[in-house]
Structure formats: C-alpha cells, structure tokens
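Report on the following structure.
Just so it is clear, the values below take in all heavy atoms, side chains as well, and ignore hydrogens, waters and symmetry mates. From a predicted model like this one, the values you see are computed outputs, not experimental measurements.
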Amino acid sequence: MSHTKSIEGLRIYQASRLLEDTVYELVKELPASEFYRLGNDLRRSSAAISHYIAECHRRYSYNVKLEALHLARSEAERLSQLLGDYEARGFGPTVGLQEKCEGIVKQSWGLIRYMKNRQRERQAEVRIQTSDQLVAARA
C-alpha cells in the first residue's frame with residue numbers, strides 16, 4: 001500500500017468507490033418507507049468501506065493500518081448482508097454487488113497479510129539495528 005502515492009491508484013479503493021456510487025444509485029430506487037431505514041444503512045455501510053481504506057492509506061503505523069483494513073473488511077461483509085436483505089425484501093436485484101463486496105473482503109485479507117509481513121520485517125530490522133547499537137556501545 002505504501003508504494004502507491006495516491007489513493008486513487010489503489011484497486012481496492014477504486015472498487016470501494018465504484019461500489020459506493022452504485023449503492024447510492026440503488027438506494028434511490030427504494031420506496032419512501034424504506035429510504036431512510038434500509039437506505040441509510042446501505043449508504044453508511046458503503047461509504048464506510050472507502051473511508052476505512054483511505055484511513056489505512058493515510059496512516060503510518062502498521063497497527064492503525066491493520067485496524068482500518070479490518071474495519072473496511074467487516075463493513076464490506078455488513079454491506080453484503082444488507083444487499084441480501086434488499087433482495088430478500090423484493091426490492092429488486094443488486095446486480096452483482098454482493099460479489100463486489102466479496103472482492104473487497106478478499107482484497108482486504110490480502111492487504112492485511114501483506115501489512116503483517118511488512119510489520120514483522122520492520123520489527124526484525126529494528127531489532128537488528130538495536131542489537132548492533134548495543135554491540136557498538138559495548139566496544
């Protein structure tokens with residue numbers, strides 16, 4: 001993630017923004033009685049995914065990045081459930097949006113694994129530097 005200078009260059013962010021825009025269009029088709037209930041949940045959940053991904057990109061700490069990615073993943077799972085509710089209540093098809101949520105979940109898990117590996121590598125580098133400094137101080 002850190003190799004990309006702009007967040008717009010991240011595939012996961014692009015997918016989350018596209019999903020958010022599509023969900024907003026879908027919500028417009030809801031009847032007035034559900035527009036504020038289910039509609040608000042759908043809008044909030046879809047917006048949260050891209051928000052957490054942006055938060056991950058913006059932060060320096062691996063722990064904060066990992067937390068944001070976990071939140072993005074869980075929000076994508078929640079959105080998928082809400083889209084299932086949308087279809088189950090007979091409001092129409094969600095046009096593969098649940099699969100797009102699943103794609104974001106998979107990309108999140110991939111980034112989480114990558115970040116954890118980078119974090120371990122960084123910690124190993126710090127340990128080596130610290131031990132080298134201790135050896136130099138003793139000499």
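Across all their heavy atoms, Pro93 and Leu26 have their closest contact at O-CD1, 4.1 Å. Minimum interatomic distance between Cys101 and Leu83 (heavy atoms only, all atoms of both residues): SG-CD1, 3.9 Å. Annotation for Ala76 and Ile104: closest pair CB-CG2, 4.0 Å, computed over non-hydrogen atoms.
Distance check: Phe91 CZ to Leu30 CG gives 6.0 Å after rounding to the nearest 0.5 Å. Rounded to the nearest 0.5 angstrom, Cys56 SG and Leu66 CG are separated by 7.5 Å. Interatomic distance, Ile49 CD1 to Glu77 CD, rounded to the nearest 0.5 Å: 10.0 Å. Atom-to-atom distance recorded for Lys65:NZ and Leu69:CG is 8.5 Å, nearest 0.5 angstrom. In this structure, Leu19 CG and Ile12 CD1 are separated by 11.0 Å, a value rounded to the nearest 0.5 Å. If you take CD on Glu75 and OG on Ser108, they are separated by 11.0 Å, rounding to the nearest 0.5 Å.
Tyr36 meets the ring-ring contact (aromatic ring centres under 6.0 Å, His included) test with no other residue; sequence neighbours excluded. Contacts of Gln81 classified as side chain to side chain donor-acceptor pair (under 3.5 Å), with partners at least two apart in sequence or in another chain: none. Residues satisfying the side chain to side chain donor-acceptor pair (under 3.5 Å) test with Gln107, not counting sequence neighbours, are none.
Side-chain contact check for Met115 versus Arg118: every heavy-atom pair is 4.5 Å or farther apart.
Under the 6.0 Å distance and 45° angle rule, Arg43 counts as a cation-pi partner of Phe35.
A side-chain donor-acceptor contact under 3.5 Å links Ser46 to the backbone of Leu42.
Using a 4.5 Å cut-off between side-chain heavy atoms of Ile, Leu, Val, Met, Phe, Trp and Tyr, with links allowed through other members, Leu71 and Ile53 fall into different hydrophobic clusters. A chain of hydrophobic side-chain contacts below 4.5 Å, direct or via other Ile, Leu, Val, Met, Phe, Trp or Tyr residues, connects Leu10 to Trp109. Connection of Leu82 to Tyr52 is not established within any shared hydrophobic cluster, with ILVMFWY side chains joined at heavy-atom distances below 4.5 Å, either directly or through further cluster members.
Residue pairs meeting the side chain to side chain donor-acceptor pair (under 3.5 Å) criterion with at least one partner in residues 12-23, sequence neighbours excluded, are Glu20-Ser50. Listed by first then second residue, pairs satisfying salt bridge (charged side-chain N to carboxylate O under 4.0 Å, His left out) with a partner in residues 52-64 read Glu55-Arg58, Glu55-Arg59, not counting sequence neighbours. Legend: salt bridge (charged side-chain N to carboxylate O under 4.0 Å, His left out) pairs involving residues 81-99, not counting sequence neighbours, sorted by first then second residue: Glu34-Arg89.
When the shell of 6.0 Å around CD of Gln98 is examined, it contains more than 12 heavy atoms from other residues, nucleotides or ligands.
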